[in-house]
Amino acid sequence: MILGVETSCDDTSVAVLSLDGEVKGLLSANQDTAHRPFGGVVPEVASRQHTEMLLPLIEKVLSESGTGWAQITGIAVTSRPGLIGSLLVGVVTAKTLSLARNIPFVGVNHIEGHLLAALLRDGSYGPPQGFSFPYLGLAVSGGHTHLFACEAPGKYKLLGRTVDDAAGEAFDKFAKMLKLGFPGGIQVDRLATQGDVKAFHFPRGLLHENNLNFSFSGLKTAGMRALEGLSAEEIEKRKADLCASYQEAIVEVLIEKLKKASAQTGLRNWTVTGGVSANSRLRQQAMAAAKQLGATLALPPLRYCTDNAAMIALAGLFKLKVGEKSAQDLSPSAAALPEDWAHV
Ligand code: KG4
Ligand code: ZN
């Protein structure tokens, strides 16, 4: 069994994964309540929460999955990218457990975890029939919007990424402008279901550029301008239309770039993961695009889409299987490392 540990941002998550990739236990402690008064993730608060929650959560996932320490043959921990104080809690814990219990450990890239989430299995989820490497992976969350050709475990080619903000950040900022609470992506999604996607026109960043990059900062500004042009009553009355139109601008670019990437690479296996893949319109449009182009789409359930330790355990499992492990001098890194993926 592999023990997975994820503390890169504001979710403390631990998992037990069998050596054939089956999730035996997954527990995540969400910190939303602690960050809500500040309207966003406060790094210092996040690290403190991880410190309090991580060890009890590890004990709990082991006991609930009926796993003894003797069965743990490897530890996988997110060591990059992320908030440095948050990463440090997970990395120091993994190192200490490794040393005390003589278990090898490996640091993994968080985004690699998102890309592999589609391959996780449990009693109620498994990848769709025919889904395997090589595949296109769109990882879209509050911190990242990255599109990859996933060729094999540990072998990824970065096709495109956001040049400024992540899609989740664009959702959250608009929700904040509309005073919808934190985290806001899900509120925009909920309101959008009652709105008209064509009511307002918002810019589609880099849609017609001849590359696979994304840009959402112009959209954020356009969102702010649109609200400045409306009275408080009008905003209240047209909230659903505003959300639907704004959301559509994000979803349309994500889907168009996914289709473009598929045409360019010939890859017909796709996966969309990360917190934003919870978005109902994105899911709907990704399914429609896959159907249109005859692609196989893996949309993991939400527990594997948002930040979680099961995907980290799987990334670690692939590494440990080929003898890759980290040394006690491993330091967390706020950014990805150059060797994490190839650039096109
Ligand atoms: O993967 P995740 O849990 O953490 C990061 O690595 O960022 O993603 C969180 C992000 C937040 O920006 C949140 O607003 C967004 O995912 N999100 C959504 C929805 N649910 C979560 N965005 C749009 N629609 C949703 N239903
Ligand atoms: Zn993430």
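Numbers here simply count residues along the sequence, with the first being 1. As the structure lists them, so they are numbered: ligands from 1, and atoms in each ligand from 1.
- For the pair NE2 of H114 and NE2 of H110, the angle at the Zn ion (ligand 2) is about 90°; rounding is to 10 degrees.
- In this structure, N213 contributes its side chain and T162 its backbone to no donor-acceptor pair below 3.5 Å.
- Between G143 and ligand 1, an N or O atom pair is found at a separation short of 3.5 Å.
- If you number the atoms of ligand 1 from 1 as listed, the ones under 4.0 Å from a heavy atom of A278 come out as 20 (N), 26 (N).
- Distances from ligand 1 to the non-hydrogen atoms of H144 include at least one value under 4.0 Å.
- Of the polar atoms of S280, none of the N or O atoms is found under 3.5 Å from an N or O of ligand 1, judged by distance alone.
- The six-membered or imidazole ring of H146 lies away from that of H114, with a centre-to-centre distance of 6.0 Å or more.
- More than 12 heavy atoms of other shown residues, nucleotides or ligands fall within 6.0 angstrom of atom CD1 in I84.
- One N or O on the side chain of K257 and one on the backbone of N211 form a donor-acceptor pair closer than 3.5 Å.
- Considering backbone and side-chain atoms together, G275 places an N or O closer than 3.5 Å to an N or O of ligand 1.
- Within the structure, ligand 1 has H114 among the residues with a heavy atom less than 4.0 angstrom away.
- On a distance-only criterion, N279 and ligand 1 share at least one N/O pair closer than 3.5 Å.
- Any N or O atom pair closer than 3.5 Å counts here, and G185 shares at least one such pair with ligand 1.
- Atom 15 (C) of ligand 1 has its nearest heavy-atom neighbour, among V276, D307, L282, D11, in V276.
- A side chain to side chain contact (heavy atoms under 4.5 Å, CB included) with F174 is found for exactly one of L180, L219, L242, namely L242.
- Under 4.0 angstrom from ligand 1, the non-hydrogen atoms of D172 all belong to its side chain.
- Within ligand 1, counting atoms from 1 as listed, the ones closer than 4.0 Å to a heavy atom of G168 are 12 (O).
- The distance from ligand 1 to the heavy atoms of I186 drops below 4.0 Å at these ligand atoms: 19 (C), 25 (C), 26 (N).
- At a threshold of 2.8 Å, the Zn ion (ligand 2) has no backbone or side-chain N, O or S atom of C9 nearer than that distance.
- At least one side-chain heavy atom of T273 sits less than 4.5 Å from a side-chain heavy atom of P300.
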Exercise for the section: Please lay out, stage by stage, how L258 and L147 fare under the test side-chain contact (heavy atoms from CB on, under 4.5 Å). Expected result: CA-CA 8 Å; L258 187 62; L147 183 56; 4.0 Å; yes

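- Not a single donor-acceptor pair under 3.5 Å links the side chain of T78 to the backbone N or O of H110.
- When distances from the Zn ion (ligand 2) to the N, O or S atoms of D307 are compared, OD1 comes out shortest.
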Practice task
Go through the steps for S28 and D11 under the test side-chain hydrogen bond (donor to acceptor under 3.5 Å, both in side chains), then give the verdict.
Solution key: CA-CA 7 Å; S28 302; D11 292 288; over 6 Å; no

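- L138 CG to T271 OG1: the interatomic distance, rounded to the nearest 0.5 Å, is 8.5 Å.
- The N/O atoms of D189, backbone and side chain alike, include one that comes under 3.5 Å of an N/O atom in ligand 1.
- Taking a cutoff of 4.0 Å between a charged side-chain nitrogen and a carboxylate oxygen, E256 and K259 qualify as a salt bridge.
- Of all the atoms in ligand 1, the ones that sit under 4.0 Å from a non-hydrogen atom of G142 are 5 (C), 7 (O), 8 (O), 9 (C), 10 (C), 12 (O).
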